[in-house]
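In this text, all values refer to a predicted model and were calculated from it rather than measured experimentally.
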Amino acid sequence: MRRADPATYGEEPFSIGLWVGETTTANSYDKARRDFETARAAAAPDDVFILDRCPWCGTRVLPAHKSPDIGDYGVRAAADSFAFFCPRDACLFHDELPVAVVDEHLYDRPPTFVLGTVDKFARLAWEPRAGRLFGSGTGNRPPSLVIQDELHLLTGPLGTTVGLYEAAVLGLCTAPDGTRPKVVASTATIRRSGEQVRALYGGDVQLFPPAGLDARHSYFAEPDTSRPGRRYVGVMAQGHTAGRASVATAAALLQGAWELPEEHRDDYWTLVAYHHSLRELGRTVTAAADDIPAQLAGLDSGDGVRPLPDQQVEELTSNLPRSEQPVLLDRLEKSWDDSKSVSFLPCTNMLSVGVDVKRLALMLMQGQPKTTAEYIQATSRVGRHSVPGLVVTFFNATRPRDRSHYETFDVYHRALYRNVEPTSVTPWSVPSRRRALHAVLVVLVRHRLGLAAENQAGAILDRMPEAETLIEELAARAETAEPGAGDAVRKELAGLLADWEDLARQARKDGRELYYRSQGKGQSNLIKSFEQLYGLWETPNSMRNVDRECQVTVKGADL
């Protein structure tokens, strides 16, 4: 649309960027260039750059098999640049696709829309150019819209740490006239959302859609009575071991799908087995190779025995390489009579966040999850489209909590959302402040006051009034989120700023520059000094020693 009418819509491309860790995408041009060279040399290139197809015409960015023509590879990777393009000559985006996945590319050309993970917030204290994403030093306006998906995941230690960094991020997103960005947070499972939002974002929450006179009939939603919804079934085997009973349950579900008429067989062909730990999942995968096929052999009712070949049993866990994840998701979409279809999918909670496969309609839940929110999120992955879902929850009779849920199964499932647990985040608590408050101050000074370069830490002496204003803003945010914490936050930040000022004066007196992090001998390291003051610098080293000792012990035991 912009290319067709640049006078109305502008000439700058509407671009999108992915800001995630280096295990997912390359964070530097050099790493991206080496990854591209590896992909070019491979007989079947892996999807190492996330974007596997042209969003406009669907052409593969990297060819399925090695090609002598570099034009078949829709990537330009050099020592100082990176770009995607569509390999198809007739495509409108044959020149360049406005997509960025390399951190240095994001900083050089900040995109219109950034998709990121919260762990990248910590990079703001260390990366001089990360502030360019928020308009620092670019002349661009700061982001005006923040969308937080899966808000219920920001709880516990993760949510507590993210809440502190959110104070810095929202500070960077605030326009010079004081206008704050609009924050839209989505979740289907939350309790006491007002308290969580106030702790994370320092403001009040407005629930959408609002509750009407009747929750079942509102302006925004109506119940669909044209087809049945998701059904839950509870199974608990008395007098049998959990392993033996779960094998029998899985085999019955697999055989049941086999005995359906062919026109309905595909609906429930893939059995998703949800586990709460990798150890339990390992037992199921082992059983799928021997015990479950043996159990299936005894369930023949005249329609034959369902085969369960090894290639149709796949895991969906964090152990699955990132490049293989989209391949597996594509296989899950294939019908039952396809040779690449998946019959049995043991998985962990990796399934419960963002996986939306239309075919999935049958789930075996191995035990009751720790929280009702996880239970709702996990089981809602089946029956999301035209086929009603069936969830079979297998309870371990030796676990008191599982037995309690089995005994109250009907009452519990008639009011699932009533049992969602409230979340807990305490970003302004003493342990949380000790862990990351100094990082929040560094982030705001570097990217909001324009002291981003590594050797500009000492320039704080010339910007003390503005730094004191930042302290007041953070103290006010802390008071809003946690009444009574504002004075303590103000006192701690003032102490940090005083220490920073002392380090800067000493460096200036010695004729040296104060660096945020050391780059050679004789250079003062601000962040290291802060962490030494708070007793945090030694902790990672000691933990590494513990890890090393444990590793040696395991190897010595030949495990």
Side-chain angles (χ1 to χ4, degrees), residues 13-29 31-78 81-106 109 111-117 149 314-335 338-342 345 347 350-351 353-360 381:
F14 187 95
S15 53
I16 187 169
L18 188 65
W19 194 40
V20 294
E22 194 164 24
T23 56
T24 303
T25 65
N27 285 351
S28 65
Y29 288 135
K31 176 69 163 52
R33 180 179 55 81
R34 286 186 274 116
D35 289 347
F36 179 58
E37 291 174 353
T38 302
R40 281 217 64 198
D46 287 335
D47 174 27
V48 293
F49 296 115
I50 302 297
L51 187 68
D52 58 344
R53 296 182 183 275
C54 171
W56 184 256
C57 67
T59 304
R60 290 179 63 98
V61 172
L62 296 181
H65 304 287
K66 185 176 182 179
S67 172
D69 185 2
I70 194 172
D72 292 337
Y73 295 80
V75 172
R76 299 188 189 98
S81 65
F82 181 89
F84 287 109
F85 69 94
C86 180
R88 192 169 73 93
D89 295 342
C91 181
L92 289 175
F93 294 93
H94 178 61
D95 54 345
E96 184 175 351
L97 280 162
V99 179
V101 298
V102 179
D103 283 12
E104 289 188 350
H105 187 192
L106 290 168
R109 297 168 58 187
T112 315
F113 188 85
V114 179
L115 286 164
T117 48
D149 194 18
E314 293 288 347
E315 297 180 37
L316 181 59
T317 68
S318 57
N319 295 330
L320 186 68
R322 201 217 56 78
S323 60
E324 296 181 16
Q325 293 170 13
V327 177
L328 176 56
L329 293 178
D330 286 342
R331 288 187 59 190
L332 290 174
E333 294 282 5
K334 297 186 181 299
S335 61
D338 192 304
S339 60
K340 293 184 178 180
S341 65
V342 177
L345 182 71
C347 63
M350 190 173 177
L351 177 87
V353 182
V355 175
D356 184 11
V357 179
K358 297 179 179 179
R359 281 187 62 255
L360 299 182
R381 298 300 142 180

Run the salt bridge (charged side-chain N to carboxylate O under 4.0 Å, His left out) test against R109 and tell me which residues pass, sequence neighbours left out. E96
To the nearest 0.5 Å, how far apart are OG1 in T117 and CG in L18? 8.0 Å
Results of ring pair (Phe, Tyr, Trp, His ring centres under 6.0 Å) for F84 - residues two or more places apart only: F82
Note: L62 and A39 closest approach over all heavy atoms is CD1-CB, 4.4 Å
Measuring from atom CG of D330 to atom CG of D52, what distance do you get when rounded to the nearest 0.5 angstrom? 7.5 Å
Tell me every residue that passes side chain to side chain donor-acceptor pair (under 3.5 Å) with E314, counting only those two or more places apart in sequence or in another chain. R331
Heavy-atom check, side chain of L328 versus side chain of L345, under 4.5 Å: yes
May I have all residue pairs that pass side chain to side chain donor-acceptor pair (under 3.5 Å) and include part of residues 61-72, sequence neighbours excluded? S67-D72
Output all residues satisfying side chain to side chain donor-acceptor pair (under 3.5 Å) with Y73, sequence neighbours left out; order by chain, then residue number. none
For H94 and F85, take the angle between the two ring planes, folded into 0 to 90°, and tell me which bin it lands in: parallel under 30, tilted 30 to 60, perpendicular over 60. perpendicular
By salt bridge (charged side-chain N to carboxylate O under 4.0 Å, His left out) - contacts of R88 (at least two apart): none
Donor-acceptor check, side chain of D46 to backbone of V48, threshold 3.5 angstrom: yes or no? no
Under a 3.5 Å distance rule, please check whether E315 uses its side chain to pair with a backbone N or O of L320 as donor and acceptor. no
What's the spacing between S28 OG and E22 CD if we round to 0.5 Å? 6.0 Å
Rounded to the nearest 0.5 Å, what's the gap from CG on L351 to CG on D356? Could you check? 10.5 Å
Residues passing the salt bridge (charged side-chain N to carboxylate O under 4.0 Å, His left out) test with R33, sequence neighbours excluded, are D30, E37
Pairs involving residues 97-106, ordered by first then second residue, that meet salt bridge (Lys or Arg N to Asp or Glu O under 4.0 Å) (sequence neighbours left out): D103-K120
Using every non-hydrogen atom in the two residues, find where V355 and M350 come nearest and quote the distance to one decimal. CG2-O, 3.9 Å
With rounding to the nearest 0.5 angstrom, report the CG to CH2 distance, L106 to W19. 9.0 Å
What pair of heavy atoms forms the shortest contact from C86 to C57, and how long is it? SG-SG, 3.5 Å
I'd like to know if D35 and K31 make a salt bridge, using a cut-off of under 4.0 Å between side-chain N and carboxylate O. yes
Is the backbone of F49 close enough, under 3.5 Å, to the side chain of T25 for a donor and an acceptor to pair up by distance? no
Side chain to side chain donor-acceptor pair (under 3.5 Å) against D95, all qualifying residues, sequence neighbours excluded: R3
With side chains defined as the heavy atoms from C-beta onward, is the minimum distance between I70 and R40 less than 4.5 Å? yes
Supply the atom-to-atom distance H105 NE2 to S15 OG, rounded to the nearest 0.5 angstrom. 8.0 Å
Which atom pair, heavy atoms only, marks the closest approach of A77 to A32? CB-O, 4.1 Å
How would you list, by chain and number, every residue that makes a salt bridge (charged side-chain N to carboxylate O under 4.0 Å, His left out) with D89, sequence neighbours excluded? none
Output all residues satisfying side chain to side chain contact (heavy atoms under 4.5 Å, CB included) with T24, sequence neighbours left out; order by chain, then residue number. V20, I50, R322
Among residues at least two apart in sequence or on other chains, which ones pass side chain to side chain contact (heavy atoms under 4.5 Å, CB included) with P13? P98
